[in-house]
Protein chains: 2
Amino acid sequence: MAKKNVTLKDISRATGVHVSTVSRALTPNERSSLSDEVVKRIRETAKEMGYRPNRLASSLRTRKTMTVGVMIPDITNSVFPPIVRGMESALEPAGYASIQVNTDSDADREARLYDVLRERGVDGIINAAVHRTDPAVERIAEDIPVVTVNRKVEGSTIPAVISDDAGGVTSLVDYLSERGHKHIGHIAGPDTISTGVVRRTAFEEAMRRRGISNPAELISTATYFVEEEGARCADDLLDRNGGITALLCANDRLAIGALGALSRRGLACPEDISITGFNNVPFLDLIPPGLTTVQILQFDVGRTAAEILLKMMGAPDTGVPATTILPVSIDERGSVAPRHAQDRRRKRPLRVARRAG
Amino acid sequence: MAKKNVTLKDISRATGVHVSTVSRALTPNERSSLSDEVVKRIRETAKEMGYRPNRLASSLRTRKTMTVGVMIPDITNSVFPPIVRGMESALEPAGYASIQVNTDSDADREARLYDVLRERGVDGIINAAVHRTDPAVERIAEDIPVVTVNRKVEGSTIPAVISDDAGGVTSLVDYLSERGHKHIGHIAGPDTISTGVVRRTAFEEAMRRRGISNPAELISTATYFVEEEGARCADDLLDRNGGITALLCANDRLAIGALGALSRRGLACPEDISITGFNNVPFLDLIPPGLTTVQILQFDVGRTAAEILLKMMGAPDTGVPATTILPVSIDERGSVAPRHAQDRRRKRPLRVARRAG
DNA sequence: CCAGCTTACGCAATCGATTGCACACACCTA
DNA sequence: TAGGTGTGTGCAATCGATTGCGTAAGCTGG
């Protein structure tokens with residue numbers, strides 16, 4: 001069925017030169033030591049015969065597969081596809097293909113997938129699924145170049161490309177404060193993931209600067225970045241602390257969950273409670289009341305990570321930045337209202353009931 | 001840096017047997033002809049030494065890479081990630097990894113990507129990005145197994161796994177008709193893609209059965225499955241035909257675009273115009289008024305395609321179904337209202353203005 | 001006119017695993 | 001005991017491209 005692929009040997013036979021000469025003629029660098037006439041003749045017949053190099057054979061010999069592994073927690077989480085496209089935009093022009101795998105944040109799966117990638121001889125790995133402490137990836141990183149993206153391994157030397165999580169949270173706290181919010185609750189991300197912790201820490205610091213001595217009371221921590229956890233934490237916070245007028249959520253999915261919890265409680269956003277998200281995933285603008293969120297440069301994060309990996313794979317000793325932080329910006333929408341507007345609308349019985357409960 | 005990988009030769013040296021014996025001892029099938037004692041000894045030392053077979057070498061010899069190519073138009077289009085996960089769920093347990101590429105529906109890019117996949121020696125291709133007529137994929141399919149997913153190439157023998165597009169559209173027309181809608185407009189998908197044409201054809205037939213002699217007047221065709229085109233076509237239809245009370249859109253993105261166009265015209269959905277989508281992409285339920293849409297089994301479509309490809313790769317002569325059609329169902333939400341409800345609310349001046357404009 | 005240096009290319013090993021064939025040895029039968 | 005039948009391993013070619021080294025031809029200079 002498969003039409004037999006032409007090999008160097010075939011071209012060698014057709015042109016009458018040795019196979020090694022053919023190889024050199026077809027390699028841009030080596031071409032120099034050959035006569036122009038021979039090179040031309042070889043390249044022409046190669047084209048005529050429709051020669052396509054067999055990368056496997058090449059890889060076996062050179063120990064470079066021109067393939068990178070891309071590890072994602074779950075591609076159905078819409079924050080990741082643009083990141084993947086960003087990587088692709090840098091990898092493909094450089095001649096690299098990528099093997100993509102989804103870890104589902106499952107340690108067993110991760111271990112297996114590392115094996116899969118290693119067996120296939122990937123030249124490097126871009127990992128968007130690392131944990132805050134992650135011995136597995138540190139071990140791999142001793143053998144092959146690794147870059148983490150969107151997250152980082154704490155205290156590790158693995159280069160990371162992330163967004164300005166702390167800056168984003170700080171800006172949000174400022175933004176809410178300027179609108180009169182003092183009791184701001186935080187639905188924190190998992191404490192096993194750097195983004196969760198970095199954003200929470202930034203929240204705590206920002207709140208302390210604003211005179212809140214014990215911000216921990218205003219925090220509820222999600223075990224996963226999923227809507228259900230956002231709802232659970234929102235309920236938790238509102239049960240524990242009736243004075244809260246705003247919820248700063250560690251990402252959009254948690255915020256969407258919080259929105260659901262609010263409406264189930266008969267509360268409106270932003271009239272009763274203001275809410276903010278993080279990431280600005282696609283379609284978010286269409287979900288009422290329009291989540292005010294932090295816009296991260298998903299595509300650029302992916303692209304930058306790929307560029308750094310390319311540099312590492314090209315020259316292993318070249319210095320690359322340990323951490324690259326990309327800027328963020330606040331995308332204002334309808335989910336935040338000034339504090340007094342909220343107070344005016346808020347019905348007193350509701351507050352009493354909350355305190356009693 | 002990279003700790004040297006153990007090879008068969010290393011194990012051969014350690015155990016004192018020939019490398020070929022080691023190879024056989026480690027291959028489940030071949031093991032039979034060896035003495036149990038030798039097999040046991042070899043497998044044990046192999047484990048001790050941490051042997052990992054070099055797939056490249058193996059692939060070079062066996063001409064099987066245990067890798068498949070996955071072609072997607074654009075992974076940021078949220079209909080595709082679940083499909084990809086479905087494929088993965090079948091491929092990974094079977095020992096296959098996948099190289100994913102995005103075509104952006106660009107012919108040049110596609111051609112290049114086919115080359116990329118072929119050079120890398122993929123054992124098969126799952127293509128979710130084919131066109132209705134697609135000579136490129138037909139050519140490839142002569143050489144290696146190909147399955148198309150979500151779309152199909154018209155009149156081709158390439159196995160396809162799709163959803164019941166026609167059935168879904170027919171059900172929607174019924175659904176709208178039952179609610180009193182007679183003048184149903186259709187925003188059709190691109191006529192270069194099977195889904196676009198199949199859905200449009202189903203619409204035309206369903207309308208004819210309902211006594212509409214020339215349904216073409218009720219159709220506006222999008223050039224791409226994007227929101228802007230949905231908006232443009234919605235405007236087009238409403239301008240051309242003031243009597244329309246419902247818009248059946250070929251997919252969710254077109255429907256979302258149509259929603260936007262409506263509100264820009266000062267029309268409400270569903271009060272003025274009912275709208276339906278197709279695919280039921282994530283988050284769609286959160287976008288008001290909640291798009292009534294066709295639920296397709298994205299994950300299963302992907303999984304089934306992968307299973308068929310596995311069968312083709314395993315036994316090239318085995319018969320596989322030419323077309324596998326997976327069932328769909330209607331997901332009712334708020335974007336469809338009964339016709340008379342619309343009539344009652346609709347303001348007469350608006351209709352006049354439309355006719356005049 | 002020949003040593004010595006380039007230039008241009010051929011030779012053969014190599015990457016690591018697979019596999020058809022050969023072969024040695026044990027056992028069995030006539 | 002010779003011949004036959006297995007069994008369990010070893011040998012070596014092979015997949016296709018890469019690359020260090022060798023070498024013949026051509027050229028330069030003293």
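Side chains included, hydrogens not; waters and symmetry mates left out as well; all remaining heavy atoms used. Chain naming here is simple, since letters A, B, ... match the order of the sequence lines and numbering starts at 1 in each.
When the P atom of C:dT7 is taken as reference, atom CG of A:Asp36 falls 13 Å away, rounded to whole Å. B:Leu60 has its CG atom 14 Å from the C1' atom of C:dT19, to the nearest Å. Counting to the nearest Å, the C1' atom of C:dC9 and the NZ atom of A:Lys40 are 19 Å from each other. The distance from atom CG of B:Leu26 to atom P of C:dG16 is 16 Å, rounded to the nearest whole Å. The interatomic distance linking A:Leu8 (CG) with C:dC9 (C1') rounds to 15 Å, in whole Å. The nearest whole Å value for the distance from the CG atom in A:Asn5 to the C1' atom in D:dG16 is 11 Å. When rounded to the nearest whole Å, the span between NZ of A:Lys64 and P of C:dC15 equals 19 Å. Regarding B:Leu56, its CG atom lies at a distance of 15 Å from the C1' atom of C:dT18, rounded to whole Å.
Where the helix from C:dC1-D:dG30 to C:dA30-D:dT1 starts and where it ends, the local axes point in directions that differ by 60°; five pairs per end, rounded to 10°.
For A:Tyr51, taking side-chain heavy atoms from C-beta onward, the closest of the listed nucleotides D:dT19, D:dA17, D:dT9 is D:dA17. Taking the side chain of B:Asn54 as heavy atoms from C-beta on, and the options D:dG16, C:dG16, C:dC9, the nearest nucleotide is C:dG16. Nearest nucleotide to the side chain of A:Arg61, out of D:dT19, C:dA8, C:dA17: D:dT19. Listed nucleotides: C:dT18, C:dC11, C:dG16. Nearest to the side chain of A:His18: C:dC11. The side chain of A:Arg63 lies closest to C:dG16 when the candidates are D:dG16, D:dC15, C:dG16. Side-chain atoms of A:Thr7 lie closest to D:dA17 of the nucleotides D:dA17, C:dT19, C:dG16. Between C:dG10, C:dA17, D:dT19, one nucleotide has an atom nearer to the side chain of A:Ser23 than all others, and that is D:dT19. Ranking D:dT9, C:dA17, C:dT18 by closeness to the B:Leu34 side chain, first place goes to D:dT9.
For the residue pair B:Thr323/B:Lys152, the side-chain donor-acceptor check at 3.5 Å is satisfied.
Residue B:Leu113 comes nearest to B:Asn102 through the heavy atom pair CD1-O, 3.4 Å, listed as atom of the first residue, atom of the second, then distance.
The side chain of B:Ser20 places no N or O atom within less than 4.0 Å of a non-bridging phosphate oxygen (OP1 or OP2) of C:dA17. The side chain of B:Thr21 contributes an N or O atom lying less than 4.0 Å from OP1 or OP2 of D:dG10.
Salt bridge annotation for A:Asp300-A:Arg303: present, with a cationic side-chain nitrogen under 4.0 angstrom from a carboxylate oxygen. Using a 4.0 Å cut-off between charged nitrogen and carboxylate oxygen, B:Arg85 and A:Asp74 count as a salt-bridge pair. We find that B:Arg112 and B:Asp115 are not joined by a salt bridge, their nearest charged nitrogen and carboxylate oxygen being 4.0 Å or further apart. Taking a cutoff of 4.0 Å between a charged side-chain nitrogen and a carboxylate oxygen, A:Glu92 and B:Arg109 qualify as a salt bridge.
Positionally, the nearest nucleotide of DNA chain C for A:Glu37 lies more toward the 5' end than for the other of A:Glu37 and A:Val19. If B:Val17 and A:Pro53 are placed on DNA chain D by their nearest nucleotide, the residue sitting closer to the 5' end is B:Val17.
Residue B:Val22 is classed as having no contact, given no heavy-atom separation below 4.0 Å to the nucleic acid.
For B:Ser78, the side-chain contact (heavy atoms from CB on, under 4.5 Å) partners are A:Phe283, B:Val281, B:Pro282, not counting sequence neighbours. Checked against side chain to side chain donor-acceptor pair (under 3.5 Å), A:Glu154 has the following partners two or more places apart in sequence or in another chain: A:Arg132.
Taking only distance into account, the side chain of A:Arg24 meets the base of C:dG10 through a donor-acceptor pair shorter than 3.5 Å. No N or O donor and acceptor, one from the side chain of B:Arg41 and one from the base of D:dG8, sit under 3.5 Å apart.
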